[in-house]
Amino acid sequence: MKYLSSLIIALIFINNIAVGQKNITIKGTTENAVGRKIELYKTSDQISKSLILLDSFRIGDDQHYDVRCWTNYPMMVTLQIENYSQSFYVEPGRDYVANIPFFDWNIDETRNVFLDPEPLPLLFQNIPTNDINLQIDSIDRVIARFIDNNYFYFDYKFHPAPYYFDSLVHTVYQLCPDTSNDFVNRYKTYQLAELEYTMHFDSRKNIINKYIKNHPILYYDENYMSLFTTLYANTISKGTRNIPIQRLAHWVYNLDLDTFIDSIGTDPMLRHEQIRDLAALQALYEAYFNFKFYDADMVVKMIEKLATRTKFQEHKTIAIQILNSFNRNNNYNPTESFTLLDINKKPTSIGNLKNKWTYLAFIRVSDPLSISEMETIAHFKKQIYSQHDNVEFITVVCDREFQKMFHFLKNTKHGDRFDWTWLHFNGNYELLNKYQICTYPWFVLINPNGEVQYDVTPAPSTGFLMNAPWNE
């Protein structure tokens, strides 16, 4: 099995820390969510930022839900139903009651909730006054209000003096003094440090010397790790002062991990082995998406090599999480469990389409751009089918109501021209999440081996159909 040795070590490490973890329960009632699935997620790490499903619950007729997770330190979790979510912090051993009031689940039919999110409303009950969410919200409000009232002095174009940031820090600590909760105190510290760097009030070197260098790496603290990844973002993968990006890409292509690690270690900010190791993981993650200079397959192999060589258990775990976040390394088989209803409500599975190029289109029939792309497919479909017997077009309609697809194909002028396979997603949001659908229309090309061909598949209107790999 791929990454087996690294995975075993990572699981042993996770099992060791699980002994001290405490149960967290999140439960509540809803007003109109019968039959919907509520899911609980956390972020795997601050580099890949992929979501890990912790628990799920199908809401029944009693309108009740109950999800659970375990942790030995405060962490941010996300409750999600369909395309709506809300994030908040949870603490070990706590029980939370969060009721969901009446909600319009059809909002995503009229606007793109991925670009303009609509939060899942949560009404928490019996929250103590020292709850970390309330304390963090107070800190955020003080920061936002101060910057809003003094926005001119924080505008980088006007070269603001450090005095104004010092005033912000003073105000935050005056209105939100340190408490007995170390997590909240660290949140305040690292949030201000990240602001100080991103708003150009201090240099990267000074911030690293103050908060990173000669300090232990707090892997368990999301806010520390957020500061770490912000400070080291694109500082290696795009080339350094002494190492051009072409040389870095050469070492990656040749899997020369020793030279890669030793060379970036000449940076004074990367002299510490543990910091250098973690920054290298972040750089390789960034390199994976830089197709101009790096070979993505070799980046994957380089991360695998680093995962087996590193002596830091946390880095092995993060490396595996990074690898799993890449589409081509997901354990998910795109043809698995993909059975939907066609226009005649007959179950249809693309699992039967192996050995074919399958071009999937996720659309909404009420979206003009989606229909325009379908017109392009209709224009070329006959020609492509006549020249290739190993190509299949499938359109998945993501409108909530099956009748919208039925009416569109049966009672409009489009039905006769759009004569390929059309399926209705039937509320299968897991499918949309697995294909990372974030807008409509969205396209996915599955090759004859049953694998997703591209991270992002071009649309028909780009001329892709005439230059697709089935023409090679």
Side-chain angles (χ1 to χ4, degrees), residues 10-11 13-28 38-57 65-81 84-98 117 119-120 122 124 127-128 130-140 178-194 211 215-230 278 281-282 285 312-322 324-325 433:
L11 289 176
F13 170 72
I14 293 172
N15 186 59
N16 288 337
I17 67 172
V19 175
Q21 292 184 341
K22 296 181 180 179
N23 181 44
I24 296 170
T25 300
I26 305 170
K27 59 185 177 181
I38 187 167
E39 297 171 316
L40 181 66
Y41 291 93
K42 75 170 184 177
T43 302
S44 62
D45 60 272
Q46 290 299 311
I47 296 179
S48 70
K49 295 186 178 180
S50 54
L51 294 178
I52 295 178
L53 179 64
L54 302 173
D55 198 7
S56 63
F57 190 95
Y65 76 89
D66 186 324
V67 290
R68 299 165 186 260
C69 62
W70 287 262
T71 185
N72 53 5
Y73 50 85
M75 68 175 180
M76 179 173 283
V77 297
T78 300
L79 274 181
Q80 178 167 324
I81 299 180
Y84 312 99
S85 63
Q86 184 71 266
S87 299
F88 54 95
Y89 287 101
V90 293
E91 297 179 86
R94 284 280 307 277
D95 290 337
Y96 296 85
V97 178
L120 180 70
L122 298 177
F124 287 91
I127 292 294
N130 64 344
D131 180 79
I132 60 174
N133 292 284
L134 297 179
Q135 296 185 62
I136 287 173
D137 182 66
S138 296
I139 296 170
D140 290 343
D178 282 348
T179 69
S180 59
N181 192 309
D182 291 336
F183 180 82
V184 175
N185 296 336
R186 289 196 303 268
Y187 176 88
K188 180 168 50 184
T189 298
Y190 297 133
Q191 280 293 102
L192 289 171
E194 195 165 335
Y211 298 101
H215 292 277
I217 297 179
L218 306 181
Y219 298 99
Y220 58 87
D221 193 299
E222 300 172 17
N223 302 295
Y224 171 92
M225 292 303 295
S226 175
L227 174 63
F228 185 101
T229 55
T230 298
L278 183 57
L281 270 176
Q282 181 175 353
Y285 174 79
F312 304 106
Q313 299 292 349
E314 297 90 347
H315 297 179
K316 295 179 186 292
T317 304
I318 293 173
I320 292 170
Q321 290 166 344
I322 290 173
N324 288 336
S325 73
N433 289 335

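The side-chain heavy atoms of Leu278 and Glu314, taken from C-beta on, include no pair separated by under 4.5 Å. Inter-residue side-chain proximity for Val184 and Ile139 is flagged as met; some heavy-atom pair is nearer than 4.5 Å. Between Leu79 and Phe88 the shortest side-chain heavy-atom distance falls below 4.5 Å. Inter-residue side-chain proximity for Glu39 and Val67 is flagged as unmet; no heavy-atom pair is nearer than 4.5 Å. By the 4.5 Å heavy-atom criterion applied to side chains, Ile132 and Arg94 are not counted as neighbours. Counting heavy atoms from C-beta on, the side chains of Phe228 and Gln282 come closer than 4.5 Å. Looking only at side-chain heavy atoms (C-beta outward), Gln135 and Thr179 come within less than 4.5 Å of each other. Here the side chains of Asp95 and Ile24 are not in contact, with every heavy-atom distance at 4.5 Å or above.
For the pair Ile217 and Tyr224, the tightest heavy-atom approach, listed with the atom from each and the gap, is CA-OH, 3.6 Å.
Checked by atom type, the side-chain pair Ser226/Glu194 shows a donor-acceptor distance below 3.5 Å. Asp182 and Tyr73 form no side-chain donor-acceptor contact under 3.5 Å, judged by distance and modelled atom types alone. Residues Ser44 and Ser50 bring a donor and an acceptor atom of their side chains to less than 3.5 Å of each other.
The OG atom of Ser48 lies 12.0 Å from the CD1 atom of Ile320; values are rounded to the nearest 0.5 Å. Atoms CD and OG, on Gln80 and Ser87 in that order, are 9.0 Å from each other to the nearest 0.5 Å. Of the inter-residue distances, the one linking Met76 atom CE with Asn223 atom CG reads 7.5 Å to the nearest 0.5 angstrom.
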Check the pair Val90, Met75 against side-chain contact (heavy atoms from CB on, under 4.5 Å), reporting the backbone distance first and the verdict last. CA-CA 6 Å; Val90 293; Met75 68 175 180; 4.0 Å; yes

Please evaluate residues Asn130 and Asn181 with respect to the criterion side-chain contact (heavy atoms from CB on, under 4.5 Å), reporting the C-alpha separation (whole Å), side-chain torsions for both, the decisive distance (0.1 Å), and the verdict. CA-CA 9 Å; Asn130 64 344; Asn181 192 309; over 6 Å; no

List the steps and the verdict of side-chain contact (heavy atoms from CB on, under 4.5 Å) for Ile26 and Asp55. CA-CA 10 Å; Ile26 305 170; Asp55 198 7; over 6 Å; no

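Under the 30°/60° scheme for interplanar angles, the aromatic rings of Tyr89 and Phe183 are found to stand perpendicular.
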